[in-house]
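Accompanying notes for the structure given below.
In listed order, ligands and their atoms are each counted from 1. The shown structure was predicted, so the numbers you read here are calculated from the model rather than taken from an experiment.
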Amino acid sequence: MKPRHLAAIVASAALVLAATTVAGALPFGGHDASPDSLRALAAKIGLRLGTAVTPFELDNAPYRQITGDQFSTVTPGNEMKWQVVEPTRGTYDWSGGDRLVTFAQQHGQLVRGHTLLWHNQLPDWLTTGVSNGTISNDELRALLHKHVTDEVTHFKGKIWQWDVANEFFTDSNPSMINPNDFWVSHLGAGVIADAFRWAHAADPHALLVYNDYNIAGEDGSNAKANAVYAWAKQTLADGVPLDCIGDQGHLDAQFGFPTQMTQDLKRFAALGLKVAITEADVRTFVDAPATQVPTDHLATFAQPYEYDQMLKACLAVSACISFTVWGFGDANSWIPGFFTGEGYADIYDVDLNPKPAYTVLQQDLTLAAHGAPSR
Ligand code: XIL
């Protein structure tokens with residue numbers, strides 16, 4: 001064996017050992033989490049149960065407690081987005097992301113990095129420079145390369161999954177890579193694959209994810225799932241380091257549940273990819289943002305049902321490695337601010353009491369972990 005290969009094997013064995021040691025010290029199911037917590041139940045079948053966290057919310061003691069007790073992976077809601085990490089050109093602010101990484105390490109959790117390449121939440125200096133012509137396309141490409149490299153390098157070894165590219169496909173039928181997307185219109189569609197290559201070069205051990213919404217049949221036509229599937233297949237054939245497809249899972253109880261979800265996740269898995277539900281929530285119309293009582297009583301049944309079906313779709317596919325909710329408390333949800341009149345999207349209510357959606361996830365995970373009692 002060539003020494004180079006031997007060195008690589010020794011290095012990767014050391015890494016596995018390090019990972020095992022960390023996992024051994026702080027078990028996957030949580031060092032002090034109760035055996036019927038979501039994370040402990042999911043750990044029995046090797047699934048990570050996650051939540052988005054905005055690190056300042058960790059100052060709230062009950063919120064902090066639930067974050068540590070119930071979840072085995074965390075995603076920063078905003079703190080790794082370009083707008084937040086480089087508010088002024090050339091000056092990085094990693095404080096929010098670092099805080100969450102530290103919390104995760106203290107609680108035996110893995111971190112999903114979110115997100116490196118997206119048209120939203122870009123710094124003003126970047127979008128202004130592009131629109132007034134002071135940043136050319138060549139410079140834009142160089143800035144993006146540096147952004148991906150610097151951010152992945154900063155968090156190297158601390159990120160389990162990176163959402164490398166986010167929301168590139170149109171909601172039309174047929175769906176396609178959006179030619180009007182900020183990045184695609186300036187740098188061409190090939191920039192998506194480049195971002196994966198740059199991220200892989202900076203941290204070869206992170207799982208690299210393409211993340212989008214409505215890519216498991218939620219659009220009714222399955223058009224978007226088909227387009228992402230075709231792209232993923234070609235991207236793998238091109239040798240791009242794509243590891244996983246993330247279906248965000250932002251559902252609305254007024255629409256039917258996507259019956260295609262299990263099949264679509266299986267189809268991605270059949271390409272050799274991992275899959276994940278990355279941002280699950282189920283919104284509905286409510287009385288007011290402060291109280292978030294559904295205006296239609298039937299929505300209180302539809303809401304947990306859709307969570308149940310999403311989790312079951314993930315449970316049915318062994319390549320589904322994590323199920324993450326986009327925040328767990330209705331008071332902290334992004335929904336009331338983005339969808340007028342809607343809310344009640346999370347698994348805990350505005351006072352951080354578990355809702356029927358929490359119970360349903362817990363029941364599904366209990367069955368997955370232990371099966372039904374024999375009789
Ligand atoms: C949302 C955050 O939760 C909000 O706080 C922020 O104001 C806007 O972005 N899809 C994504 C997430 O990939 O990054 C978005 O997060 C929700 C939709």
Q) Which ligand 1 atoms, with their elements, are less than 4.0 angstrom from a heavy-atom of His250? A)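 So the atoms of ligand 1 that pass are 10 (N), 18 (C).
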
Q) Contact between Trp118 and ligand 1, counting heavy atoms under 4.0 Å? A)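 Yes, that is the case, since the closest heavy atom of the residue is under 4.0 Å from the ligand.
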
Q: Considering only NZ, NE, NH1 and NH2 on the basic side and carboxylate oxygens on the acidic side, decide whether Asp330 and Lys355 come within less than 4.0 Å.
A: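 Here Asp330 pairs with Lys355 in a salt bridge, since their nearest N and O are under 4.0 Å apart.
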
May I ask you to identify the nearest protein heavy atom to [atom], giving residue, atom name and distance to one decimal place in Å?
{"atom": "atom 3 (O) of ligand 1", "result": "Trp326 NE1, 2.9 Å"}
{"atom": "atom 11 (C) of ligand 1", "result": "Glu279 OE1, 3.0 Å"}
{"atom": "atom 7 (O) of ligand 1", "result": "Phe338 CZ, 3.5 Å"}
{"atom": "atom 2 (C) of ligand 1", "result": "Asn78 OD1, 3.6 Å"}
{"atom": "atom 1 (C) of ligand 1", "result": "Lys81 NZ, 3.7 Å"}

Q. Does one hydrophobic cluster hold both Leu273 and Leu207, with members joined at side-chain heavy-atom distances below 4.5 Å?
A.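 The answer is no; the residues belong to distinct hydrophobic clusters.
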
Q. Is atom OH of Tyr305 surrounded by more than 12 heavy atoms (other residues, nucleotides or ligands) closer than 6.0 Å?
A.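 Counting neighbours around OH of Tyr305, 12 or fewer heavy atoms of other residues, nucleotides or ligands fall under 6.0 Å, so no.
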
Q) Is the NZ atom of Lys274 crowded by more than 12 outside heavy atoms at less than 6.0 Å? A)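 No - once you tally the heavy atoms of other residues, nucleotides and ligands closer than 6.0 Å, there are 12 at most.
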
Q: Using the six-membered ring of Tyr213, assess whether NZ or CZ of Lys224 lies under 6.0 Å from its centre and within 45 degrees of the ring axis.
A: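 Satisfied, under 6.0 Å and within 45°.
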
Q.
Which heavy atom of Asp163 sits nearest to which heavy atom of His114, and what is that distance?
A.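 Of all heavy-atom pairs spanning Asp163 and His114, the closest is OD2-ND1, 2.8 Å.
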
Q: Indicate, as side chain, backbone, both or neither, the part of Asn166 found under 4.0 angstrom from ligand 1 when only non-hydrogen atoms are considered.
A: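 Side chain only.
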
(Q) Whether the Ser322 and Thr324 side chains hold a donor-acceptor pair (N or O, under 3.5 Å, no angle test) is what I'd like checked. (A)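 Thr324 and Ser322 do not have a side-chain donor-acceptor pair below 3.5 Å.
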
(Q) Among His114, Gln121, Met80, Gln248, which one puts a heavy atom closest to atom 14 (O) of ligand 1? (A)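 It is His114 whose heavy atom sits nearest to atom 14 (O) of ligand 1.
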
